[in-house]
Amino acid sequence: MTTEALQTAQRAADELRSHTGVDSYKAAFVMGSGWAPGADALGEEGTEVPMSALPGFRPPAVTGHPGRIRSVRSGDRDMLVLLGRTHLYEGHGPAAVVHGVRTAIAAGASTVVLTNAAGSLDRELTVGSPVLIADHINLTGASPLDGANFVDLSETYSASLRAVAREANAELREGVYAAMRGPQFETPAEIRMLRAMGADLVGMSTALEAVAAREQGASVLGISLVTNVAAGLSDHPLDHHEVLETGRDAAADAGGLLAAIAAKV
Ligand code: HPA
């Protein structure tokens with residue numbers, strides 16, 4: 001990353017720690033569309049800081065993304081919960097998209113759990129179910145890295161963290177996540193292309209944050225909540241409100257999974 005991005009993330013982390021009174025965090029949980037109710041299962045809620053109060057954060061534009069960072073005490077460890085994220089389609093560039101993750105890592109988090117809402121390209125990945133991200137295909141055309149920075153992505157999503165998640169829920173399936181820039185949903189032809197490429201899930205977040213976390217050496221776990229069948233694979237059109245509603249209905253269960261993961265990272 002550029003020195004400037006690093007310095008801004010460090011300043012944001014320092015200010016965050018002075019607001020929350022916590023010196024160092026164990027892990028960070030980025031809550032995607034509809035996942036916010038699941039945050040309550042993570043532990044005892046401490047201080048909550050609006051992202052807009054910290055250096056480098058943009059006010060998020062989308063409904064369902066309130067834009068706050070919560071400090072949570074989970075057993076004997078402190079966790080950060082990022083309620084809301086910046087998406088590439090908002091037009092502020094990749095550095096803005098990954099600033100939350102960089103801030104969390106600068107505040108000590110060595111594990112980053114990225115959650116999102118996704119469309120399913122595989123009939124076995126049913127609406128309402130959480131799916132572990134085994135790998136991603138970054139089709140955003142963007143990267144959070146500048147210059148000759150050849151970060152290894154052979155194991156972007158930690159196999160050992162996926163095993164921890166499966167210990168908590170043996171039924172969890174895995175899939176490859178295709179990251180699109182959006183904001184439009186895909187065409188049926190694009191979905192056929194993504195299937196041919198080996199994608200099982202499609203969404204508009206997560207990949208750039210995972211790359212930024214790997215650059216910093218943090219371990220990454222990715223979990224998609226399937227909110228809809230991808231375009232052209234069912235007989236009804238896609239609707240953002242439906243995505244949010246499905247997310248909300250399923251997020252309470254998903255909270256139990258996050259709590260089990262928090263206990264083991
Ligand atoms: N496509 C892209 N992003 C999404 C979808 C989808 O079908 N569902 C939730 N986020």
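Both counts, for ligands and for their atoms, begin at 1 and track the order of listing.
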- prompt: Where do Ala28 and Leu82 come nearest, in terms of heavy atoms and distance?
  reply: CB-CD1, 4.4 Å
Contact check, side chains of Leu121 and Leu194, non-hydrogen atoms, under 4.5 Å: yes
- prompt: Is the shortest side-chain N to carboxylate O distance from Arg73 to Glu45 below 4.0 Å?
  reply: no
message: Please evaluate residues Asp152 and Ser154 with respect to the criterion side-chain hydrogen bond (donor to acceptor under 3.5 Å, both in side chains), reporting the C-alpha separation (whole Å), side-chain torsions for both, the decisive distance (0.1 Å), and the verdict.
response: CA-CA 6 Å; Asp152 174 41; Ser154 322; 2.4 Å; yes
- prompt: Who's touching ligand 1 if we go heavy atoms under 4.0 Å?
  reply: Ala117, Ala118, Gly119, Phe185, Glu186, Val202, Gly203, Met204, Thr227, Asn228, Leu238, Val243
task: Apply ring pair (Phe, Tyr, Trp, His ring centres under 6.0 Å) to Tyr25 and list each qualifying residue two or more places apart in sequence or on a separate chain.
output: none
query: Can a salt bridge be assigned to the pair Glu171 and Arg166 using a cut-off of 4.0 Å between side-chain N and carboxylate O?
result: no
